[in-house]
Trainee: 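The structure is given below, and queries will be raised subsequently.
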Amino acid sequence: MSTPFNHQEVETKWRKRWEENPINVNDGKKEKYYCLDMFPYPSANGLHVGHWRGYVISDVWSRYKMMQGSHYVIHPMGWDAFGLPAENYAIKMGVHPARSTAENVDKIREQIKQIGAIYDWDMEVNTTDPDYYKWTQWIFVKMFEKGLAYQKEMPINWCPSCKTGLANEEVVNGKCERCGSEVTKKDLNQWMLKITAYADRLLEDLNKLDWPEKVKKMQTEWIGRSYGAEVEFPIDGREEKLTVFTTRPDTLYGATFMVLAPEHELAKSLATQETKEAVEAYIEATANKSNVDRVQSKEKTGVFTGSYAINPLNGEKIEIWLSDYVLADYGTGAIMCVPAHDDRDFEFAKKFGLPIVQVISKDGKAEELTEAYTEADGIMINSGDWNGMQSASLKMEAPSMIEKKGFGKKTTNYKLRDWVFSRQRYWGEPIPIVHCPDCGPVAVPVEELPLLLPEVESYQPTGTGESPLAAIEEWVNTTCPKCGKAAKRETNTMPQWAGSSWYFLRYVDNHNDQELVSKEKADRYLPVDMYIGGVEHAVLHLLYSRFWTKFLYDIGVVGFDEPFTKLFNQGMITGKNGIKMSKSKGNVISPDDLVRDYGCDSLRMYELFVGPPDQDAEWDDRGIDGVYRFLSRLWNMVLTNLDADVKEDEELLRIRNSMIHDISTRLENFSLNTVISGFMEYNNTLVEKTRNGGVDKETLKTFVKMLAPFAPHVSEELWERLGGTDSVFHEPWPVADKKAMEVKEVEIAVQINGKVKTTAKIPVDIAKEEAIRIAKESLADKLPDNIVKEIYVPGKIVNLVVES
RNA sequence: GCAGGAGUGGCGGAAUGGCAGACGCAUCAGACUCAAAAUCUGACGUAGGUGACUAUGUGUGGGUUCAAGUCCCAUCUCCUGCACCA
């Protein structure tokens, strides 16, 4: 008789078996499928059940692809190991980050192995490994050579707690993405990457991608392209002109004043004797405001400079004001204000009593405006030779009309800014640049890479904008690679996002010391077919890696310009009441105990059963009992039927094929939670059949094959007991025979006016009249006599419509 | 403010416009047991009825349809993203 289900025994046995005989082997003939996880930061806290979810999803998908179409699946894992926690730990405990990182990697690798995934550990990469970051530095050098990496002195986002500069993408609602501190501004000389040079391609190529619309939209908005015109306004009595960017050049006649950002280079000089004091006070007050204050204060503030500009279209003198609602780093830092047709300008004009001139109207007549008329549709008025035109079409033509008139040009603007790429911290890739007093910044020759991160005494960030590396004189002082004179090394390091921007390329050729990846391997194994991870990187990692991939494509390193063909964002697993799991909240659930008590297979299945994979789910420990019971019942069901040698009949054949069809459809739709419930349903059916005649071997085998990607250990064991000699994963994914699924008789609902009254069994291929006759019979004495319409939906429903 | 998503039993959730609540958790009852656990069987939206049954029910209000959780209009709530981008 059957042995009881012992998950520990089964799992130990098959772990060993797989180690001896790997199931995912590249024989050079199979088609490749690259299924990638967003690689983790090796945190000292280890994994919780939330991390498992993404890894289980990707493993299920990898194993499914392996069986379906017999793919060789590239399914690697590695470590995004530079970053602040290791460095902060070093500051506190004096342990070198390399050591604590290595320890954490070992710990997490063991935890990840508990998932029982088919990761190919020979492909492992670690961004802090000099053999790896050599190539991160190499990419930087190539960007520097192409003019895409440059230095700039400017006010950048500064996190006072992390004591480092941040990229725009790392500032969320005015706060540091990592630590949540309020971000301030600091003037620093920074290394920048010219991601804006790729803005159009990054935007347009989104169309090529099979990504969640949400992520595409977030990137689209982040890039923020808008078309319009630059218009030059002469300053009354001065040589200089003020250039503004506008998306609404059609409203130019309605520009009744101008506003400059307080940071605008002409702001101070536009002040007159009378306004000097007020202007300088305003500039100073703005400088002292934090980003958050500046955005949150709804009330408009501003000051009149005392100077005037000339509207180039009608020659009118208009006042020039300063206000902090104009952003210094978008467009030109100056705007023309059309209060009649812009909410913000309207509010500003009302508050400071500035003229409002309507230039677009519904019906060609001016009206009393109580708010800005912001629709683009209307008829031009008060607009000289433009009067009577349709504003919508004028909006399109105005830029070139202005260009012809010679006081402006057509232009495109982006919200995207260049990537602030230097960090004033220790634990990152050193930027491979030498500053020579004669030659300026010179790249470290590529044959000298990697430029190793030196040992330091103190990891403490200086907070002054200098990196801890600046204190190591023997490292900083070097010679210029170009002229040989004494020179100093760049002491800033790269941001955390550098190493993760290209790691997916390295997996397939991780020991190559000649190239970051060989052309041959890149062509063969890339791009990534399926990328699985959380949505939190939508405009960070996912934008940066697209940028780097396009750059590598441009310099001929890879033959594709988008790294991730398909993207799937799994939902987060939270603690009770939807609270994010974190050590500080004390609501972290570790997978370790669950694996011990219920087994890896149970936890894998519960991670999926807990809810739709793309939605957040609250973790509830009790639910795992359900899948554990399912696996035990399945185990007993299979073993009970093992020796019975039941012959397949029409019904078993039908069950088997509908099962194949149902499970496969749900899996293809990525509805993994309903795949699990599907297994439960069919298991319930087969348990019933077991009591009632038994189940044939082929049906049992089919069940086990389909279960294998989800519960690999139990499935291998049952497969072996069912007579399998090779791994179940070398079986092709079953295909349903639609004919065998057909039934002869179906139960239909019988409705009166759409309300179900009873059910009836009818032969499936019956004619409408016959079906209705049987349905009426089934109603017996409830049959109404005033039927006005009869509807038959084959195999589903008969609805009798009655006059009311 | 703008954009996107979601509101279904005690809970997680399921339903190509066609029998709402599959599957699971929890709960209750029964079987087994000296007992408990495990396991098995059954009940399980709400209201009424001893009962077969009847009525009602997918945030709210309308509409389209023979038929609406699903489509359309309006509205409320929650979540996510962006947020003075000219």
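Per chain, numbering begins at 1; letters A, B, ... match sequence-line order.
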Trainee: Check whether any side-chain nitrogen or oxygen of A:Arg629 sits under 4.0 Å from OP1 or OP2 of B:C40, and answer yes or no.
Mentor: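 Answer is no, no contact under 4.0 Å.
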Trainee: Answer yes when A:Glu347 and A:Lys350 have at least one side-chain N-carboxylate O distance shorter than 4.0 Å, and no when they do not.
Mentor: no
Trainee: Would A:Tyr373 and A:Ser391 satisfy side chain to side chain donor-acceptor pair (under 3.5 Å), going step by step from the backbone distance to the final call?
Mentor: CA-CA 12 Å; A:Tyr373 179 88; A:Ser391 63; over 6 Å; no
Trainee: When all nucleic acid strands are considered with a 4.0 Å heavy-atom cut-off, which category describes A:Asn799: base, sugar-phosphate, or nothing?
Mentor: base
Trainee: Over how many whole Å does the gap from A:Ile772 atom CD1 to B:C66 atom C1' extend?
Mentor: 12 Å
Trainee: I want to verify a distance call: between B:A15, B:A3, B:A86, whose nearest atom is closest to the A:Thr674 side chain?
Mentor: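 The listed nucleotide nearest to A:Thr674's side chain is B:A15.
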Trainee: Under 3.5 Å for both donor-acceptor distances, Watson-Crick or wobble: does B:A38 have a partner, and if so which one?
Mentor: none
Trainee: For the residue pair A:Phe5 and A:Trp635, does the interplanar ring angle fall in the parallel (under 30°), tilted (30 to 60°) or perpendicular (over 60°) class?
Mentor: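 Ring orientation, 0 to 90° scale: tilted.
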Trainee: Please state whether the phosphate of B:C66, meaning OP1 or OP2, lies under 4.0 angstrom from any side-chain nitrogen or oxygen of A:Lys789.
Mentor: yes
Trainee: Find out whether the Lys NZ or Arg CZ of A:Lys768 is both under 6.0 angstrom from the six-membered ring centre of A:Tyr792 and within 45° of the ring's axis.
Mentor: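 Relative to the ring axis of A:Tyr792, which defines the angle, A:Lys768 lies outside at least one limit.
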Trainee: Name the pairing partner of B:C32, where a pair is Watson-Crick or G-U wobble with both distances under 3.5 Å, or state none.
Mentor: none
Trainee: With respect to the phosphate group of B:C84, does any side-chain polar atom (N or O) of A:Ser323 fall under 4.0 Å of OP1 or OP2?
Mentor: no
Trainee: Among B:C19, B:A86, B:C82, find the nucleotide with the atom closest to the side chain of A:Tyr330.
Mentor: B:A86
Trainee: For the P atoms, the ones on B:U46 and on B:A22, what distance do you get once it is rounded to whole angstrom?
Mentor: 13 Å
Trainee: Looking at A:Lys300 and B:C84, is any side-chain donor or acceptor paired with a base atom of the opposite kind under 3.5 Å?
Mentor: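 Answer yes: a donor N or O sits under 3.5 Å from an acceptor.
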Trainee: In this structure, how many angstroms lie between the P atom of B:C82 and the NZ atom of A:Lys175, rounded?
Mentor: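 It works out to 13 Å between those atoms.
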Trainee: Where does the angle between the aromatic ring planes of A:Tyr544 and A:Trp419 fall among parallel (under 30°), tilted (30 to 60°) and perpendicular (over 60°)?
Mentor: parallel
Trainee: With C1' as the reference atom in both, quote the distance from B:U16 to B:U70 in angstrom, rounded to an integer.
Mentor: 11 Å
Trainee: Please state whether the rings of A:Phe348 and A:Phe352 are parallel, tilted or perpendicular, taking 30° and 60° as the class boundaries.
Mentor: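 Plane angle between 30° and 60°, so tilted.
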Trainee: Is there any salt bridge (Lys or Arg N to Asp or Glu O under 4.0 Å) pair reaching into residues 607-621 of chain A, and which pairs are they, with sequence neighbours excluded?
Mentor: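 Applying salt bridge (Lys or Arg N to Asp or Glu O under 4.0 Å) to every pair that reaches into residues 607-621 of chain A, excluding sequence neighbours, yields A:Asp620-A:Arg622.
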Trainee: Relative to each other, are the rings of A:Phe670 and A:Phe568 parallel, tilted or perpendicular (30° and 60° limits)?
Mentor: tilted
Trainee: Which of the following nucleotides, B:G18, B:G12, B:A86, is nearest to the side chain of A:Phe609?
Mentor: B:G12
Trainee: For A:Glu221 and for A:Pro612, locate the closest nucleotide of RNA chain B by heavy-atom distance; then report the residue assigned to the nucleotide nearer the 5' terminus.
Mentor: A:Pro612
Trainee: Expressed as a whole number of Å, how far does the P atom of B:C25 sit from that of B:C2?
Mentor: 45 Å
Trainee: Looking only at atom P, what distance separates B:C19 and B:A68, rounded to whole Å?
Mentor: 11 Å
Trainee: Please report the distance separating the C1' of B:G17 from the corresponding atom of B:C71, rounded so that it comes out in whole Å.
Mentor: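 After rounding to an integer number of Å, I get 8 Å for this pair.
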Trainee: I'd like the C1' distance from B:A26 over to B:C11, given in whole Å.
Mentor: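 Roughly 7 Å separates the two C1' atoms.
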Trainee: Let me know, please, whether A:Asp616 or A:Gly626 comes out on the 5' side of the other along RNA chain B by nearest nucleotide.
Mentor: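 With A:Asp616 and A:Gly626 compared, the 5'-side residue is A:Asp616.
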Trainee: Can you tell me whether the side chain of A:Lys796 and the base of B:U16 have a donor-acceptor pair closer than 3.5 Å?
Mentor: yes
Trainee: Can you confirm whether the side chains of A:Asn413 and A:Ser226 place a donor and an acceptor under 3.5 Å from each other?
Mentor: no
Trainee: Scan every strand shown for a Watson-Crick or G-U wobble partner of B:C71, both distances under 3.5 Å, and answer none if you come up empty.
Mentor: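 Base partner found: B:G63.
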Trainee: Just compare B:C84, B:G18, B:C19 and give me whichever is closest to any side-chain atom of A:Asp324.
Mentor: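 For the A:Asp324 side chain, the nearest candidate turns out to be B:C84.
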Trainee: Tell me the interatomic distance from A:Leu327, atom CG, to B:A83, atom P, rounded to whole angstroms.
Mentor: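 So the CG-P distance, A:Leu327 to B:A83, works out to 10 Å.
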Trainee: Could you tell me whether the phosphate oxygens of B:A22, OP1 or OP2, come under 4.0 Å of any side-chain nitrogen or oxygen in A:Arg666?
Mentor: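 Looking at the OP1 and OP2 atoms of B:A22, neither is under 4.0 Å from any side-chain N or O of A:Arg666.
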Trainee: Using atom C1' of each nucleotide, how far apart are B:A52 and B:U64 to the nearest Å?
Mentor: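 To the nearest whole Å, 37 Å.
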Trainee: With respect to the side chain of A:Val793, which nucleotide from B:A86, B:G18, B:A83 is positioned closest?
Mentor: B:G18
Trainee: With a non-hydrogen cut-off below 4.0 angstrom, is A:Glu747 in contact with a base, only sugar-phosphate, or nothing?
Mentor: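 A:Glu747: base contact, heavy atoms under 4.0 Å.
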Trainee: Would you tell me if any nitrogen or oxygen in the side chain of A:Arg633 comes within less than 4.0 Å of OP1 or OP2 on B:C40?
Mentor: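 Yes, within the criterion.
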Trainee: Check this for me: A:Lys351, atom NZ, are more than 12 non-hydrogen atoms of other residues, nucleotides or ligands nearer than 6.0 Å?
Mentor: yes
Trainee: Whole Å only: how far is the CG atom of A:Asn673 from the P atom of B:G21?
Mentor: 18 Å
Trainee: Applying a 4.0 Å non-hydrogen cut-off, can you work out what A:Asp343 is touching in the nucleic acid: base, sugar-phosphate, or nothing?
Mentor: nothing
Trainee: Indicate syn or anti for B:G9, taking the glycosidic torsion and treating anything within 90° of 0 as syn.
Mentor: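 You should classify B:G9 as syn.
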Trainee: May I ask you to evaluate whether A:Asn684 reaches the phosphate of B:G24, defined as a side-chain N or O under 4.0 Å from OP1 or OP2?
Mentor: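 True: A:Asn684 side-chain N/O within range (under 4.0 Å) of B:G24 OP1/OP2.
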Trainee: Which whole-number value in Å describes the distance from A:Tyr598 OH to B:C25 P?
Mentor: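 Interatomic distance, OH of A:Tyr598 to P of B:C25: 11 Å.
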Trainee: Nearest whole Å is fine: how far is B:G81 C1' from A:Lys415 NZ?
Mentor: 12 Å
Trainee: Write down the partner of B:G48 under the Watson-Crick or G-U wobble criteria, each distance required to be under 3.5 Å.
Mentor: B:C53
Trainee: Would you mind pulling out the nucleotide paired to B:A6, Watson-Crick or G-U wobble, both distances under 3.5 Å?
Mentor: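 B:A6 is paired, partner B:U77.
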Trainee: Suppose you measure atom P in B:A3 against the same atom in B:U58; what distance do you get, rounded to whole Å?
Mentor: 29 Å
Trainee: Once you round it to whole Å, what is the distance between P of B:A14 and CG of A:Leu608?
Mentor: 13 Å
Trainee: Within this structure, what is the CD-to-P distance between A:Gln615 and B:C11, rounded to whole angstrom?
Mentor: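 For the pair A:Gln615 CD and B:C11 P, the rounded distance is 17 Å.
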Trainee: Can you tell which of B:A26, B:C19, B:U56 lies closest to the side chain of A:Lys755?
Mentor: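 Looking only at heavy atoms from C-beta outward on A:Lys755, the closest nucleotide is B:U56.
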Trainee: Write down the partner of B:U27 under the Watson-Crick or G-U wobble criteria, each distance required to be under 3.5 Å.
Mentor: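 Check on B:U27: paired to B:A43, both distances under 3.5 Å.
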Trainee: Students often get this wrong, so: under 4.0 angstrom with heavy atoms, is A:Arg417 touching a base, only sugar-phosphate, or nothing?
Mentor: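 Here A:Arg417 touches the bases of the nucleic acid.
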Trainee: Given that both distances must come in under 3.5 Å, which nucleotide forms a Watson-Crick or G-U wobble pair with B:G1?
Mentor: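 Pairing partner, where one exists within any strand: B:C82.
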Trainee: Under 4.0 Å, counting only non-hydrogen atoms across every strand here, what does A:Val750 touch: a base, just sugar-phosphate, or nothing?
Mentor: nothing
Trainee: B:U16 pairs with which nucleotide, Watson-Crick or G-U wobble, both distances below 3.5 Å?
Mentor: none
Trainee: When you measure from the side chain of A:Val756, which nucleotide among B:C23, B:C19, B:A15 comes out closest?
Mentor: B:C19
